[in-house]
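Read through the structure below, which is laid out as structure tokens, and then see the notes.
Numbers for residues simply follow the sequence, beginning at 1. Counting starts at 1 for both ligands and their atoms, in listed order. The model shown is predicted, which means the values in this text are computed figures rather than measured ones.
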Amino acid sequence: MTNINTDKLSSARFAEATDAFVEVFTASVDFDQRMAAQDIQGSIAHATMLCASGILSTDERDAIIAGLTQIGGEIERGEFVWSIKQEDVHMNIEARLTDMIGIAGKKLHTGRSRNDQVATDIRLYLRDEISHISRELTRLQTAIVNLAEQHSDTIMPGFTHLQVAQPITFGHHLMAWFEMLSRDYERLQDCCKRLNVMPLGAAALAGTSYPIDRHMTAGLLGFSRPSANSLDSVSDRDFAIEFAATASLIMMHLSRFSEELILWSSAQFDFIDMPDAFCTGSSIMPQKKNPDVPELVRGKSGRVTGHLVALLMLMKSQPLAYNKDNQEDKEPLFDTADTLINCLRAYADMVPHLRAKKANMYNSAKRGFATATDLADYLVRKGMAFRDAHEVVGLAVRLGLETERDLSEISLAELQQFSALIGEDVFGYLTLEGSVAARKHIGGTAPETVKQAILTAKQQLQDR
Ligand code: ARG
């Protein structure tokens with residue numbers, strides 16, 4: 001049951017050496033043994049269906065299931081001996097089964113091929129990983145919502161071009177991250193829907209002449225249905241690419257999240273305090289507290305996108321149906337799932353311990369003339385054209401810069417030099433609190449709107 005032609009071992013030296021190398025070169029067992037649990041799960045369902053369809057006897061089925069169950073235990077306990085001679089996870093398990101139960105073991109592969117088997121295993125594997133990733137994502141989103149709840153009225157500067165733009169609430173900023181991750185969550189579930197279709201029965205490429213019941217196997221494995229075309233089933237890895245694309249988007253979002261945490265924890269911003277347990281010191285500079293976790297996550301986003309590109313290039317131009325190229329899909333996929341789970345886990349553990357430095361956030365918004373737009377809007381409401389208002393506010397900001405005062409600190413008489421439309425009521429708009437409170441429409445930054453968004457978010461998390 002191996003691809004190696006043992007006759008060759010006694011032929012010319014060159015051929016012998018090449019074969020030994022090719023054996024190692026073509027083997028995948030070192031990495032695909034990771035799908036052992038899914039391989040066994042698929043084989044048990046296949047054997048159950050073969051028996052129900054009259055292709056295996058009940059004794060054979062029972063021997064196969066008992067043998068596979070025992071093998072599963074050996075693998076879990078680390079007792080199973082993996083052999084490169086058996087090339088991959090599928091052949092290793094089948095060979096051990098045959099050792100254990102004899103001829104019945106050899107019948108397991110009836111009506112299937114490694115091509116539909118491996119396509120099934122990857123789908124089962126990704127389904128498991130997606131449910132793990134979804135749990136971590138939900139844990140992180142819960143942490144974000146809880147932090148936002150503490151800061152629905154904490155004022156900070158909002159930025160465009162990384163320049164202070166308008167005052168916002170920290171809770172609102174946190175909820176922006178929540179929204180990104182909610183779309184990621186939906187994408188994951190959507191990806192799962194498409195990959196949850198069963199390739200088994202496609203066999204090598206053309207299907208099988210045995211009277212198999214694909215609906216039964218699909219039902220046993222929790223797939224929504226059997227796949228509709230045998231050639232497509234064994235060849236395409238678009239579902240894996242879709243998963244990697246979704247993972248890349250999540251990592252891209254985490255990299256943006258990271259970048260902000262890194263900036264904010266610097267002495268220049270000083271908006272947040274990162275928990276010590278998630279930072280490290282410098283071996284040479286005693287004053288340093290480095291935001292290692294966000295930096296690593298930001299770095300790892302590149303690695304996951306790299307896997308996406310690798311998978312796209314792997315699939316590109318492959319003729320139908322199965323090609324050995326596809327064996328190369330495993331390592332990028334496994335690493336994508338591992339990296340993503342680790343990054344989400346680190347973030348879900350860290351976010352509850354982030355401490356906002358409210359006074360610094362507030363003062364930064366104040367120093368940046370964050371309410372300039374509010375003054376312009378005020379003048380427009382009094383009848384001035386927006387472009388003229390923009391001009392007037394520019395003059396007021398210049399005075400503020402020259403005299404080191406925020407707009408709310410300039411006297412009414414001074415403001416009236418720029419426009420007679422300005423009255424005593426202007427100060428209600430020039431304060432940071434007035435500015436954020438005014439933006440109370442859906443999606444706005446007002447504390448009352450943020451509180452509402454948090455309620456909706458909590459409901460969304462509960463409904464998952
Ligand atoms: N190890 C192979 C893979 O990962 C399994 C399928 C091999 N099929 C074949 N006909 N060589 O793709």
Does [X], backbone or side chain, put an N or O under 3.5 Å from an N or O of ligand 1?
X	value
Asn115	yes
Tyr322	yes
Asp88	yes
Gln327	yes

Checklist entry - Can you find a non-hydrogen atom of Lys330 under 4.0 Å from ligand 1? => result yes
Item to check | Parallel, tilted or perpendicular: rings of Trp82 and Phe80 (30°, 60°) | outcome: tilted
Item to check | Test ring-ring contact (aromatic ring centres under 6.0 Å, His included) applied to His173 and Trp264, step by step | outcome: CA-CA 13 Å; His173 196 112; Trp264 292 354; 4.8 Å; yes
Item to check | Distance flag, aromatic centroids of Tyr347 and Phe257, threshold under 6.0 Å | outcome: yes
Checklist entry - If we ignore angles and hydrogens, is there a donor and acceptor under 3.5 Å between the side chains of Asn92 and Gln33? => result no
Item to check | For Arg114, the ligand 1 atoms whose distance to one of its heavy atoms is below 4.0 Å | outcome: 6 (C), 7 (C), 9 (C), 11 (N)
Next on the checklist: Which of the numbered atoms in ligand 1 are under 4.0 angstrom from any heavy atom belonging to Ser28?
Outcome noted: 1 (N)
Checklist entry - Taking it one step at a time, do Gln141 and Arg464 satisfy side-chain hydrogen bond (donor to acceptor under 3.5 Å, both in side chains)? => result CA-CA 12 Å; Gln141 287 189 279; Arg464 285 186 181 169; 2.7 Å; yes
Next on the checklist: Can you confirm if the NZ or CZ of Arg127 lies within 45° of the ring axis of Phe223 and under 6.0 Å from the centre of its six-membered ring?
Outcome noted: yes
